[in-house]
Amino acid sequence: MIADMRELDADAPRVGPRPTGGAVTVWTLDTTLRRVGGHRVDEAEALLDPSERERAGRLVRAGDRRTYLASHLALRVLLGGYLGRAPREVELVREDCPCCGAPHGRPAVADGAPHFSLSHSEDVAYLAFAGVPVGVDVEGLPSAEAVVDVLPTLHPAETAELTALAPADRPAALARVWARKEACLKATGTGLARGVVEPYVGSAAEPASAPGRLLHDLPAPRGYAAALALLTG
């Protein structure tokens with residue numbers, strides 16, 4: 001699996017053909033931009049659906065709200081490009097949860113394709129599009145305190161790997177682990193409902209093989225880690 005990496009900026013993008021099969025396109029975004037894909041971020045709410053506007057309205061911090069608006073504007077611009085629709089005309093739904101069957105599983109296009117995944121951390125967003133279920137995640141480096149808190153929740157082998165590292169090396173290694181796990185869990189739609197022990201993804205420079213998924217690290221800015229997962233069965 002080789003992802004086609006692109007950057008979305010202030011101008012309207014040329015998205016190209018809709019990804020099919022195992023083909024993946026990943027777009028990165030600087031969420032501090034005032035314009036995204038040809039649209040002003042401060043006017044983004046007019047293009048969002050009621051549930052997106054409601055969630056944006058719950059965000060207290062101005063920076064968090066701007067990041068949400070910029071990344072969801074980007075999602076609608078790109079989906080609209082693939083579907084040949086205006087951003088506000090893209091209908092988003094929730095699939096059934098694989099854990100409980102309730103309609104709060106993976107976000108999806110009402111028509112079913114393309115599959116997509118969105119992640120943002122601080123001022124960076126990643127958006128992945130594919131012909132099969134896909135998960136993407138980007139993570140900033142955690143604090144030393146966060147490393148201590150998260151270590152016991154991981155797969156025992158991952159906990160051992162991180163504990164064996166020098167303290168200064170643990171944040172970058174945990175960011176890799178967390179991005180890989182989130183990408184896998186987003187691809188399946190389970191999220192964090194079943195915890196983060198499984199799947200084992202490893203903390204080394206290359207991810208471990210994850211059953212039922214193709215898992216790869218993605219290029220990321222300094223101070224971040226990013227990963228992509230595709231379902232294979």
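His155 meets the ring-ring contact (aromatic ring centres under 6.0 Å, His included) test with Tyr200; sequence neighbours excluded. Residues that satisfy the side-chain hydrogen bond (donor to acceptor under 3.5 Å, both in side chains) test with Thr188, not counting sequence neighbours, are Thr190. Every side-chain contact (heavy atoms from CB on, under 4.5 Å) that Ala110 has, sequence neighbours left out, goes to Glu91, Val93. Partners of Arg76 by salt bridge (Lys or Arg N to Asp or Glu O under 4.0 Å), not counting sequence neighbours, listed by chain and number: Asp49, Glu52.
Electrostatic pairing of Arg180 and Asp217 counts as a salt bridge here, judged by a charged N lying under 4.0 Å from a carboxylate O. Between Arg53 and Glu45, no side-chain nitrogen of the basic residue sits less than 4.0 Å from a carboxylate oxygen of the acidic one, so the salt-bridge criterion is not met.
Here the side chain of Asp30 pairs a donor or acceptor atom with the backbone of Thr32 at under 3.5 angstrom. With hydrogens and angles disregarded, no donor-acceptor distance shorter than 3.5 Å links the side chain of Thr67 to the backbone of Thr31. Judged by distance alone, the side chain of Ser119 and the main-chain N or O of Val138 form a donor-acceptor pair under 3.5 Å. Panel note: side chain Arg85, backbone Val90; no donor-acceptor pair is recorded below 3.5 Å. Using modelled atom types, no side-chain atom of Lys186 and backbone atom of Leu228 make a donor-acceptor pair closer than 3.5 Å. Of the possible polar contacts, one joining the Arg66 side chain to the Leu33 backbone as a donor-acceptor pair under 3.5 Å is found. Not a single donor-acceptor pair under 3.5 Å links the side chain of Arg40 to the backbone N or O of Arg34. Listed for the Arg176 side chain is a donor-acceptor partner under 3.5 Å among the backbone atoms of Ser203.
Relative orientation of the Phe129 and Phe116 rings is tilted, given thresholds of 30° and 60° on the angle between their planes.
Residue pairs satisfying the side chain to side chain donor-acceptor pair (under 3.5 Å) criterion with at least one member in residues 10-25, sequence neighbours excluded, are absent. Listed by first and then second residue, the side chain to side chain donor-acceptor pair (under 3.5 Å) pairs involving residues 218-233 are Glu122-Tyr224 (not counting sequence neighbours).
Within the 4.5 Å cutoff, the side chain of Trp27 has heavy atoms near those of the Pro13 side chain. In this structure, the side chains of Leu165 and Glu161 stay at 4.5 Å or more apart for every pair of heavy atoms.
Tracing side-chain contacts under 4.5 Å through hydrophobic residues (I, L, V, M, F, W, Y), one reaches Val26 starting from Val124; they form part of the same cluster. Linking ILVMFWY side-chain heavy atoms closer than 4.5 Å, directly or via other members, places Leu8 and Val134 in two distinct hydrophobic clusters. A single hydrophobic cluster is seen to contain both Leu127 and Leu48, as judged by linkage of ILVMFWY side chains at heavy-atom distances under 4.5 Å, directly or through other members. Leu118 and Met5 fall into different hydrophobic clusters, where Ile, Leu, Val, Met, Phe, Trp and Tyr are joined by side-chain heavy atoms under 4.5 Å apart, directly or via other members.
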#### Entry: side chain to side chain contact (heavy atoms under 4.5 Å, CB included) assessment of Leu79 paired with Leu92
CA-CA 10 Å; Leu79 283 173; Leu92 300 177; 3.8 Å; yes
### Task
Take Val196 and Leu185 through the side chain to side chain contact (heavy atoms under 4.5 Å, CB included) test and state the conclusion after the steps.
CA-CA 9 Å; Val196 294; Leu185 297 174; 4.3 Å; yes
### Task
Kindly determine whether Val132 and Leu231 satisfy side chain to side chain contact (heavy atoms under 4.5 Å, CB included), including the steps that lead there.
CA-CA 7 Å; Val132 297; Leu231 291 192; 5.6 Å; no
### Query
Is there a side-chain hydrogen bond (donor to acceptor under 3.5 Å, both in side chains) between Arg106 and His115 once you walk through the steps?
CA-CA 9 Å; Arg106 292 190 313 120; His115 294 276; 3.3 Å; yes
### Task
Using the side chain to side chain contact (heavy atoms under 4.5 Å, CB included) rule, take Leu218 and Thr28 through it: C-alpha gap first, then chi angles, then the decisive distance, then the call.
CA-CA 11 Å; Leu218 294 174; Thr28 62; over 6 Å; no
